[in-house]
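Just below is one structure, and these are the notes that go with it.
What you see below is based on every heavy atom in this structure, not just the backbone, and it leaves out hydrogens, waters and symmetry mates. Just so we're on the same page: letters track the sequence lines, and every chain starts at 1.
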There are 2 protein chains.
Amino acid sequence: MTATERVYAHIRDQILAGTLRPGARLGEAGIAADLGVSRTPVREALRKLSADGYTDLRPHAGAAVRLWDPAEVRSSFAIRADIEGQAAARTAQTITAGQLAAMEQLCARMEAPGAVAQRSELNRELHQTILRISGLVHAERIAMQLADIALLTLTFHSFSNAQAERSDSDHRMLLMAFRIRDADYAQAVMRTHILTAAAVLDDVSRSRG
Amino acid sequence: MTATERVYAHIRDQILAGTLRPGARLGEAGIAADLGVSRTPVREALRKLSADGYTDLRPHAGAAVRLWDPAEVRSSFAIRADIEGQAAARTAQTITAGQLAAMEQLCARMEAPGAVAQRSELNRELHQTILRISGLVHAERIAMQLADIALLTLTFHSFSNAQAERSDSDHRMLLMAFRIRDADYAQAVMRTHILTAAAVLDDVSRSRG
DNA sequence: GGCGCGATATTTGTATGCAACTGGGGAGGA
DNA sequence: TCCTCCCCAGTTGCATACAAATATCGCGCC
């Protein structure tokens, strides 16, 4: 693993964890000193973070953690609903028995008691699998990027048991749609699945302020 | 303008013009010598080109012009149809008279005789304007990126007069949809507009090879 | 006291040199 | 003859030094 990748992962994780708040300036020299590397890999990491939407980067003015206002996060869900909905439809048409079995295992692991810590990661893997099977090469890159951005706000809210169960149920319906190769149904379920997350997030935000 | 930006633009233009063919290796030292800069800005430009999808980049192995197979290009249109379709719907709901007038000017310039050379650029500007008005912040970045990728293949095909006129007509219908604030109609027109480009491209490819 | 302007200090952008890794070609062995 | 391993050339990755641009702070002016 290169130094650039280490720096990238370090900063991204700090942003996702909330240690680095939106608007925080990211000085090259400071980061370099903290991680014991030179400014060169730090610069490259900052460029990539910017390309991936985590930071803003202005020439001669440096990088800062990007601020995502609620409307922007909301819009990212809307786009994901479109993209992943279409991906689900295509997946329903081309999925193999082996791929289906693998996804059922993923679901089972996610539903296991005590898997709370890994839910997020497993959920990510499930969605990524569907995107990959769909054959929409760009969709995978774009949707996963948007999903990560959404995580920036989701991290601060914990979902209720009922919401987790509903999410698991969505996944099961999705697998059923794949099993019976119903593209329309798969698309509808996926759209609802994602838009539900957006709505819940919105609902919670409003009730809190 | 920084040296990095100059290098980026130079390489991108060469890729778009076809001077640099897919698979061509991009050595840092060679490019640096050609443009009279050091390897540092060249490295940064190559990273950005990779992030934008123009090149492949493997650690310790360098950059090469990315090869887009037809299926991938096709899928990029499918996703753009989703994203820009939704953007058009939202734009129809929020557009102001001033924005509408500006877009009508764009259309007029595009339709002017002798504007062939600028058609591509003006078309890009029109789509970008719609995406920006829609308020779907991510949509603008993603869709424009995908549009540039599509250009990689489109450059080698020239569209017929009939196709250009059809495209102009689509744009006019789009403006009409905005004028009467019909979101559904705007979405349908935009979807058709983009999927038509995909279909034409596909059609031409099949008949040639 | 507020505002504009300019020098300075800090930060980013670029160049250069060295270290580390990759890929290919050749020698040795099966 | 083919496979494997190793060495070396060439390229990329990283560190350091210097140049250029920006933002801040203080001074003078209004």
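With sequence neighbours excluded, the residues that form a ring pair (Phe, Tyr, Trp, His ring centres under 6.0 Å) with B:His193 are B:His127, B:His171. Applying the side-chain contact (heavy atoms from CB on, under 4.5 Å) rule to A:Val137 yields the partners B:Glu72, B:Ser75; only residues at least two apart in sequence or on another chain are considered. In terms of the side chain to side chain donor-acceptor pair (under 3.5 Å) criterion, B:Arg6 has no residue partners (sequence neighbours excluded). When the side-chain contact (heavy atoms from CB on, under 4.5 Å) test is applied to B:Glu111, the partners found at least two apart in sequence or on another chain are B:Cys107, B:Asp168, B:Arg172.
The side chain to side chain donor-acceptor pair (under 3.5 Å) pairs that include a residue from residues 9-20 of chain A number zero, where partners must be two or more places apart or lie in different chains. Applying the salt bridge (Lys or Arg N to Asp or Glu O under 4.0 Å) test to pairs two or more places apart or on separate chains, those with a residue in residues 192-202 of chain A are A:Arg74-A:Asp202, A:Asp202-A:Arg206. Within the structure, ring-ring contact (aromatic ring centres under 6.0 Å, His included) pairs that include any residue of residues 41-62 of chain B do not occur (at least two apart or interchain).
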Give each protein N/O atom lying under 3.5 Å from an N/O atom of nucleotides 21-24 of chain C, with the pair distance.
none

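Panel note: side chain A:Thr91, backbone A:Ile130; a donor-acceptor pair is recorded below 3.5 Å. Distance alone, capped at 3.5 Å, places no donor-acceptor pair between the B:Ser50 side chain and the B:Leu46 backbone.
Contact of the A:Thr96 side chain with the A:Leu100 side chain is not registered, since no non-hydrogen atoms from C-beta on lie closer than 4.5 Å. No side-chain heavy atom of B:Leu131 sits under 4.5 Å from any side-chain heavy atom of B:Arg141. Looking at heavy atoms from C-beta onward, B:Leu20 lies in side-chain contact with B:Leu26 at the 4.5 angstrom threshold.
Remark: B:Val37, B:Ser38, B:Arg39 in residues 32-39 of chain B come within less than 4.0 Å of DNA chain C through at least one heavy atom. Near-neighbour residues of DNA chain D inside residues 41-50 of chain B, defined by a heavy atom below 4.0 Å, number-ordered: B:Arg43, B:Arg47.
Nucleic acid contact class of B:Thr40 (heavy atoms, under 4.0 Å, all strands): base. The residue B:Leu26 sits close only to the backbone: its heavy atoms come under 4.0 Å of sugar-phosphate atoms, none of a base.
The side chain to side chain contact (heavy atoms under 4.5 Å, CB included) with A:Met144 is formed by just one residue from the set A:Arg124, A:Glu84, A:Arg80; it is A:Arg124.
On the nucleic acid side, DNA chain D has its first and last nucleotide under 4.0 Å of a heavy atom of chain B at D:dT12 to D:dG13, going 5' to 3'.
Counted within 6.0 Å of CG on B:Asn161, heavy atoms from surrounding residues, nucleotides or ligands total 12 or fewer; the atom is thus considered open.
Comparing the helix axis at one end of the helix from C:dG1-D:dC30 to C:dA30-D:dT1 with that at the other, each defined from 5 consecutive pairs, gives an inter-axis angle of 20° (nearest 10°).
Checked for salt-bridge contact, A:Arg179 and A:Glu104 meet the test: a charged N lies under 4.0 Å from a carboxylate O.
Taking atom CD1 on A:Ile31 and atom P on C:dT11, their separation rounds to 12 Å, with Å as the unit.
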